[in-house]
Amino acid sequence: MGDVGEHNKATVLIVDDGQGPAADVAELVRRADRRVLCADSADDALSILDHNLVDVVVMSTGFGSDDGFTTCRQIRTKRGVGDVPVLLVSAERRDDTIIAGLDAGADDVWIAPLDGRIVAARVQAILRLDRHRRLLEQGQRLTGAKEQIAAMRDHDGDTGLPNRAMFAAGLRRELARAERSDYPLAVLVIEISDYDDLQAIYGPAEIAALHRTIADRLSDAVRGRALIGRLDARCYSVCQPLPRAEELTHAVHNYRRALAEPFALDRDTVELATSIGASLFPNDAPDDERLIGLAHSAMSHARHMGRNKYHVLGPAARNEARRRLSLESLIRRALLREDLFLHYQPRVRLADGAVTAVEAFLRVRDEAGGLVGPQVFIPIAEDSGLMERLGVWALERACADAVSLIDAGFDLRVAVNIAASLFSKDTFYSDLKSVLGAHNLDGTGLELEVTESALRPRLFGSLLALQRHLAQLEEEGVTLTLDNFGTGYSCLDTLRHLPLDILKIDQRFVGAVADDPNMAAIVASLITVGQSLGLRVVGQGVEREDQAECLRDAGCHAAQGYLFARPVPLTDLHDCLRALDERRRAAAVPEAAAALP
Ligand code: G
Ligand code: MN
């Protein structure tokens, strides 16, 4: 609707069948120099409103088979024209007619007979009021636009739900309320499982549509009042006031059910698996950050239990969650202060005892000054998204150390464990190149150890893309190792097509190779697989001479383990390498002696 200036000719819509009191108004309005449109039924009136810029509607309370009250309600709910001023005219002077008219949304109810001058003045007054209202609204729209821009920063683009920061702010308000009125509050973290796979299969538009459906279903599942937010790509959070703490699992089931039904996704029907964690206020924590953190830890716990699991904090789990949280902050602090260390374990060639490589293991120093090993902190670093930063740090340090070892005269590679998330990053190759460049290290001095999970073609978009990724690394001269072989689900046919160099047999096989004939047979066949793929095979976790013997007999190329050396800091590595070299020479002497006549 256009703006109504004082000098514009305002348009008045008269709704009447020619018999009612509004009919008289038409003539009076025309005389007051307004444009007049006429409708004699509700349908007619609504259609005129659709197609014309109407400034005021003057309508009888009854006309033909329609009535003014119902029609007024219809106008009020009509998109785009709902705010046009409506005046009802009745021939009956009754209070309930006036009240019914105002209830139906009319701006005023006039009682006929009407005085011409008063009608003209009232129409004028209504138009003036309406103009002021619109000016006000325009002002509000401007402020509204600013708010909308702010909202876009605070809300998730796919779903319009509050993002993490906004959700946390809402949660703080809910906490204040819950504290005042003394009721418990549940905080749920819901993670969509296999999200990487979904993203690999479906395009961004489909994924966004999926998120809208998820958001709708969660909103529909709300009983009473709840706050829903999106924490990150794969995680949603719900804050739900509860009547009693005992209702917590009930609330979890409620939201789980909402996502259990299949989703329509690009002509497919997809069932989503979820992991849900929940924490409870005031029982588990007093503030938003810790409640979300605890619910997140509980969710990770649920994820480790399998698909479609949920986990509500209990006393034992609460301790576990606290431990995870404190380890997470330990890792963050360590990254900040570089309180991280690499320990190196030599790898020994079984044929002659020569050290061909040293593998770098990451260690984090804890508060007490002790060192925390990767088995403890890596699952937590992975859950909290810190793995990539740890990996980058390890890569940088290992390259620097490789240069110092090579400069000290040792002829070996430094092997670094790289997590799938880092290895599959678009920028991994260019980042690696710049690290090599920065340390002036030739690619041949570096070995990358990745597990089977990092070699899934899906992570890269296709097998071809994975092959290209590996080929680039190969071109740099970097050695590529498949770590912990036998524990994943590699497709051997895929491996056949990858330019790998080394296969490392997991220590759980090696540990039993000398004691269990079945395991010996398995290890022998793993070694055969490696050889037939054209790879060198390394056994890890060798602790005893008889284990090394078994591996050597089965054709294993090299081995690592406590038998040869424990992982040691760089400062001790020189001595350790020299000792191993001594041992090699000593072992070689009898052979040399035997060759003598
Ligand atoms: O995931 P990965 O296989 O890279 O982990 C190796 C871990 O095993 C390291 O933390 C390392 O300290 C440890 N390790 C190395 N050699 C041995 C060994 O001979 N026996 C045992 N039990 N652990 C080892
Ligand atoms: Mn390794």
Side-chain angles (χ1 to χ4, degrees), residues 327 331 334 340-348 350 353 355-366 370-382 387 390-391 394-395 397-398 401-402 412-423 446-455 478-488 490 500-515 519 523 526 530 535-552 556-570 572-573 576-577 580:
L327 270 169
I331 299 168
L340 296 159
F341 305 86
L342 290 183
H343 282 186
Y344 292 95
Q345 183 176 47
R347 184 190 302 164
V348 173
L350 285 168
V355 173
T356 55
V358 290
E359 180 176 2
F361 292 113
L362 195 56
R363 306 273 188 262
V364 177
R365 195 186 292 288
D366 67 15
L371 290 184
V372 183
Q375 283 91 338
V376 176
F377 71 77
I378 282 181
I380 290 159
E382 272 173 351
M387 205 51 226
L390 286 177
L395 193 60
R397 175 50 54 89
D401 291 348
L412 44 74
R413 288 184 306 275
V414 169
V416 188
N417 296 288
I418 303 290
S421 55
L422 179 58
F423 189 68
L446 184 68
E447 176 175 328
L448 300 178
E449 296 195 6
V450 294
T451 60
E452 293 163 60
S453 67
L455 297 177
V478 172
T479 301
L480 280 171
T481 297
L482 175 53
D483 206 0
N484 302 348
F485 184 62
T487 59
S490 294
L500 297 170
D501 302 292
I502 295 175
L503 201 78
K504 268 182 118 173
I505 298 177
D506 194 71
Q507 67 190 40
R508 82 183 65 170
F509 299 108
V510 174
V513 71
D515 309 310
M519 199 54 101
V523 168
L526 289 176
L535 308 177
R536 276 169 283 159
V537 181
V538 176
Q540 57 186 342
V542 178
E543 294 180 352
R544 302 190 325 243
E545 191 60 60
D546 57 349
Q547 294 165 345
E549 203 70 41
C550 282
L551 291 176
R552 193 184 293 121
C556 196
H557 176 78
Q560 256 176 261
Y562 295 169
L563 171 67
F564 308 103
R566 290 186 173 254
V568 291
L570 185 70
D572 300 339
L573 185 62
C576 172
L577 290 172
L580 282 170

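No experiment lies behind these values; they were computed from the predicted model shown. For ligands, and for the atoms within them, numbers begin at 1 and follow the listed sequence.
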> Which atoms of the protein, restricted to N, O or S, are nearer than 2.8 Å to the Mn ion (ligand 2)?
Replying inline: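 Atoms qualifying: Glu359 OE2, Asn417 OD1, Glu449 OE1, Asp483 OD2.
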>> Side chains of Arg413 and Thr481, heavy atoms from C-beta outward: is any pair under 4.5 Å?
In response: no
> Just wondering, do Gln540 and Gln345 contact through their side chains at under 4.5 Å, heavy atoms?
Replying inline: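 No, side chains not in contact.
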>> Taking side-chain hydrogen bond (donor to acceptor under 3.5 Å, both in side chains) as the definition, give me every residue that meets it alongside Arg544, ordered by chain and number, with sequence neighbours left out.
In response: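 With neighbours one apart ignored, the set is Asp515, Asp546.
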> Looking at residues at least two apart in the chain, or sitting in another chain, which of them share a side-chain hydrogen bond (donor to acceptor under 3.5 Å, both in side chains) with Asp572?
Replying inline: none
Quick check for you: to the nearest 0.5 Å, what is the distance between [X] atom [atom1] and [Y] atom [atom2]?
X	Y	atom1	atom2	answer
Leu455	Asp483	CG	CG	10.5 Å
Leu580	Leu573	CG	CG	9.0 Å
Arg508	Met519	CZ	CE	9.0 Å
Leu362	Ile378	CG	CD1	6.5 Å

>> If only side-chain N and O atoms count, and only distance matters, is there a donor-acceptor pair under 3.5 Å linking Asn484 with Glu449?
In response: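 Checked: Glu449/Asn484 side chains show no N/O donor-acceptor pair below 3.5 Å.
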>> Using a 4.0 Å cut-off on heavy atoms, what residues surround ligand 1? Order them by chain and number.
In response: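 Gln345, Glu359, Phe361, Arg363, Pro374, Gln375, Asn417, Asp483, Asn484, Gln507, Gln540, Gly541, Val542, Glu543, Gly561, Tyr562, Pro567.
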